[in-house]
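Here's the structure, in structure tokens; my notes come after.
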Amino acid sequence: MMNKPLIKICGITQPAILQFCRDKGVDLAGLIFYPASPRYITLEKARSLLRSVNRKKMGITGVFVDETVDRVREIAEYL
């Protein structure tokens with residue numbers, strides 16, 4: 001018996017895309033908190049994005065580069 005694969009989509013920046021992912025059964029949506037990335041999202045925009053969609057049955061994950069554990073925790077608490 002084969003396990004169902006876990007599906008994660010990264011670089012979400014728009015509410016409509018987050019809603020689409022949730023509606024299609026995506027398991028995890030990734031937000032990129034690395035300023036050099038073209039899909040970087042500010043904390044304020046990320047907070048607004050997460051409030052815009054009912055995220056039941058979908059997890060959110062962050063992508064970080066060279067960030068301290070304490071800073072990642074601060075961001076998670078803020079969001």
Side-chain angles (χ1 to χ4, degrees):
M1 185 165 119
M2 195 182 285
N3 292 332
K4 175 186 174 276
L6 186 69
I7 298 170
K8 179 180 97 165
I9 306 293
C10 271
I12 307 296
T13 60
Q14 301 297 319
I17 301 300
L18 185 61
Q19 181 70 44
F20 177 84
C21 290
R22 189 193 68 88
D23 292 347
K24 297 301 179 187
V26 170
D27 299 298
L28 295 165
L31 306 180
I32 298 179
F33 296 105
Y34 179 55
S37 170
R39 294 202 175 135
Y40 168 72
I41 190 166
T42 65
L43 293 180
E44 292 74 23
K45 188 171 180 181
R47 189 180 225 186
S48 176
L49 177 71
L50 296 178
R51 289 179 174 168
S52 73
V53 174
N54 180 343
R55 294 177 288 113
K56 289 182 181 176
K57 299 184 182 181
M58 182 176 65
I60 301 295
T61 187
V63 177
F64 300 90
V65 175
D66 296 328
E67 201 60 80
T68 67
V69 171
D70 288 339
R71 181 64 180 144
V72 172
R73 283 188 185 123
E74 284 176 18
I75 291 169
E77 289 174 11
Y78 175 78
L79 297 176

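Along the sequence shown, residues carry numbers from 1. The figures that follow rest on heavy atoms only: side chains count, while hydrogens, waters and symmetry mates do not.
- In terms of hydrophobic clustering, with Ile, Leu, Val, Met, Phe, Trp and Tyr side chains grouped at heavy-atom distances under 4.5 Å, Tyr40 and Ile75 are assigned to different clusters.
- Scanning for side chain to side chain donor-acceptor pair (under 3.5 Å) contacts around Asp23 gives Gln19, with sequence neighbours left out.
- Residue Tyr34 belongs to a hydrophobic cluster whose other members are Ile32, Val63, Val65, with links defined by side-chain heavy atoms closer than 4.5 Å.
- One N or O on the side chain of Ser52 and one on the backbone of Leu49 form a donor-acceptor pair closer than 3.5 Å.
- The hydrophobic cluster containing Val69, built from Ile/Leu/Val/Met/Phe/Trp/Tyr side-chain heavy atoms closer than 4.5 Å, comprises no other residue.
- Counting non-hydrogen atoms of neighbouring residues, nucleotides and ligands closer than 6.0 angstrom, the CZ atom of Arg47 exceeds 12 such neighbours.
- Residues Ile12 and Ile60 form no side-chain contact, since every pair of their non-hydrogen atoms from C-beta on lies 4.5 Å or further apart.
- Within the 3.5 Å criterion, the main-chain N or O of Lys8 finds no donor-acceptor partner in the side chain of Asp27.
- Between Leu31 and the choices Leu50, Thr61, Leu18, Thr13, the side-chain contact (heavy atoms from CB on, under 4.5 Å) rule is met once, by Leu50.
- Phe64 meets the ring-ring contact (aromatic ring centres under 6.0 Å, His included) test with Phe33; sequence neighbours excluded.
- The side chain to side chain donor-acceptor pair (under 3.5 Å) check on Glu74 picks up Arg71, with sequence neighbours excluded.
- Around the NZ atom of Lys4, the shell of radius 6.0 Å holds more than 12 heavy atoms that belong to other residues, nucleotides or ligands.
- Smallest separation of non-hydrogen atoms from Arg39 and Cys10: NH1-O, 4.2 Å.
- In the hydrophobic clustering of this structure, Leu79 groups with Ile17; members are Ile, Leu, Val, Met, Phe, Trp, Tyr whose side-chain heavy atoms approach within less than 4.5 Å, directly or through other members.
- Applying the 4.5 Å side-chain rule to ILVMFWY residues, one finds Leu6 in the same cluster as Leu28.
- Both Val72 and Leu43 belong to a single network of hydrophobic side chains, linked directly or stepwise wherever heavy atoms of I, L, V, M, F, W or Y lie under 4.5 Å apart.
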